[in-house]
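What follows is a set of notes on a single structure, which appears directly below.
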Amino acid sequence: MSSAKPQLTLYNTLTRAKAPFTPMDAGNVRLYACGPTVYDFAHIGNGRAAIVFDLLFRVLRHVYGAGHVTYVRNITDVDDKINARALRDHPQLPLNEAIRKVTETTAAQYQQDVAALFCLEPSVQPRATDNIEQMQRLIAALIARGHAYQADGEVLFAVESMPDYGQLSGRNLADNLAGARIAVDAHKRNPADFVLWKLSSAEEPGWDSPWGRGRPGWHIECSAMSERYLGQTFDIHGGGLDLIFPHHENEIAQSRCAHGTHAMANVWMHNGFLQVEGQKMSKSLGNFFTIHQLLETTDFGGRKWPGEVLRLAMLMTHYREPIDFTVKRLEEAVTLLERWERAAGDAEPAASLAPGLVERLADDLDSPGAIGRIHALIVDEGRVADGLALAGLMGIQIQRQVSVDMDVAARIATRLDALNAKDFAKADAIRAELAEQGIALMDYKDEEGQRRTKWEVKR
Ligand code: AMP
Ligand code: ZN
């Protein structure tokens, strides 16, 4: 491998321009991405955000060395939606226990789902409830510096105390005022002021604080957790487009005003939205799908979709573009993987990535360009080892799909013949042999009472 690092170029929402990326400390490149609020299964839009920032994490590790990147993705485990879910699902339990049940189950499911999408584990996955003290410290600093005030059982951030509030989203306070003309919140000095802390009733979860027993607002969580693990100013902050305003705008306001800094993060990156079959994904339209559903059920397009297909289908679109998630697109991803698989046979990936191959990814994560490159290397140029190495860098798993499919199908047929001939020893031997390769068989009878077998790859 050449010793010169490839130069990364990233689009920065804050400056609305693409620019060469220079970390503050090449020995510890620091990335924060807003993670899930854990009250329900993550949907495939959340899956997109996880994959996009996982790709960035992988590229940063490639450029700066795996030991020189810190990636923090938080878990929001205090939220009124969580409380509502806890009351609904576990009415018999004390609220605290019910909440813990909801958040622990959901967080574990999230980890499984994103692992199935080949996302690496972030360096740190802090939970909001483990960082209440840090949040309180930030709030106290904001009050002390004249950026926050108490009113009506809340501590609020005073947006007018920050002259350049609104830089990230490009909204100024006059716009906000115009948009919020029906001032429902009479206790706010400015309608755009937002909650840092709010009092909890006896039944609601709460922590003691100088401002009474209460709970944090959402935005302060990320300011506290990013400071704790990455410092007052760090390199890159990411999330979906929907988070630019108000979430990220308010994170910036809190962090910069509490610390008196010029920047919370130097680069702000946002992934585009995902829609399904041409429409915004929503429960009422019946086109809302969880990652789990696509992996484990046949609800979308009548078949299960393995994680590598979902991941490739996502990465076929540049992260800043919207994605229209369709059955057709997933089928295209399957076809691509099958082509690559056939061409690659059982070749091994190159031990290191040839210089130049990371070029597309280094250009603001041009994953469609990189996928085109993989295709050319494997299918057209006969550089299979290089193509596999580039796919490996992107977390795209090839070499399982087709030949496994055909092979397994043949052996399942042999085994069914053996079963029908009551040669159970032979049938069991085939089952055991496949199990050794991580393939599990499930026998069932179809509507006509015919013996059939399903199979799946166990990880
Ligand atoms: P949430 O749990 O809703 O706060 O979302 C977690 C992450 O997923 C955030 O970065 C969101 O911006 C992102 N996200 C939510 N919905 C979508 C969507 N439909 N498409 C892409 N990203 C999304
Ligand atoms: Zn956040």
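Order of listing sets the numbers, starting from 1, for every ligand and every atom in it.
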> So, is Glu251 placed with an N/O/S atom under 2.8 Å from the Zn ion (ligand 2), counting both backbone and side chain?
Replying inline: yes
>> Once rounded to the nearest 0.5 Å, what's the spacing between atom CG of Asp324 and atom CD of Gln279?
In response: 9.5 Å
> Where's the contact between Leu243 and ligand 1, heavy-atom distance under 4.0 Å: side chain, backbone, both or neither?
Replying inline: side chain
>> I'd like to know if Lys81 and Asp40 make a salt bridge, using a cut-off of under 4.0 Å between side-chain N and carboxylate O.
In response: no
> Is a side-chain donor or acceptor of His247 paired with a backbone partner of Trp218 at a separation under 3.5 angstrom?
Replying inline: no
> Applying a 4.0 Å heavy-atom criterion (strictly less than), which segment of His43 is in contact with ligand 1: side chain, backbone, both, or neither?
Replying inline: side chain
>> Taking backbone and side chain together, does Cys34 place any N/O/S atom at a distance below 2.8 Å from the Zn ion (ligand 2)?
In response: yes
> Do Gln167 and Arg256 touch side chain to side chain, with heavy atoms closer than 4.5 Å?
Replying inline: yes
>> Show me which atoms of ligand 1 lie under 4.0 Å from any heavy atom of Pro36.
In response: 2 (O)
> Nearest to atom 8 (O) of ligand 1 by heavy atom, Thr76, Thr37, Asn46: which?
Replying inline: Asn46
> Are any of the side-chain heavy atoms of Glu249 and Phe194 separated by less than 4.5 Å?
Replying inline: no
> Between Asn266 and Phe21, is any pair of side-chain heavy atoms under 4.5 Å apart?
Replying inline: no
> Mind checking whether the Zn ion (ligand 2) has an N, O or S of His247 under 2.8 Å?
Replying inline: yes
>> Strictly under 2.8 Å, is the Zn ion (ligand 2) approached by any N, O or S atom of Cys222?
In response: yes
> Would you say Arg303's side chain and Thr298's backbone share a donor-acceptor pair under 3.5 angstrom?
Replying inline: no
> For atom 10 (O) of ligand 1, what is the nearest protein heavy atom, given as residue, atom name and distance?
Replying inline: Gly240 N, 3.0 Å
> Under a heavy-atom criterion of less than 4.0 Å, does Lys280 contact ligand 1?
Replying inline: no
> Is ligand 1 under 4.0 Å from a heavy atom in the side chain of Asp242, in the backbone, in both, or in neither?
Replying inline: side chain
>> Could you tell me, atom by atom, which parts of ligand 1 come under 4.0 Å of a heavy atom of Asn271?
In response: 21 (C), 22 (N)
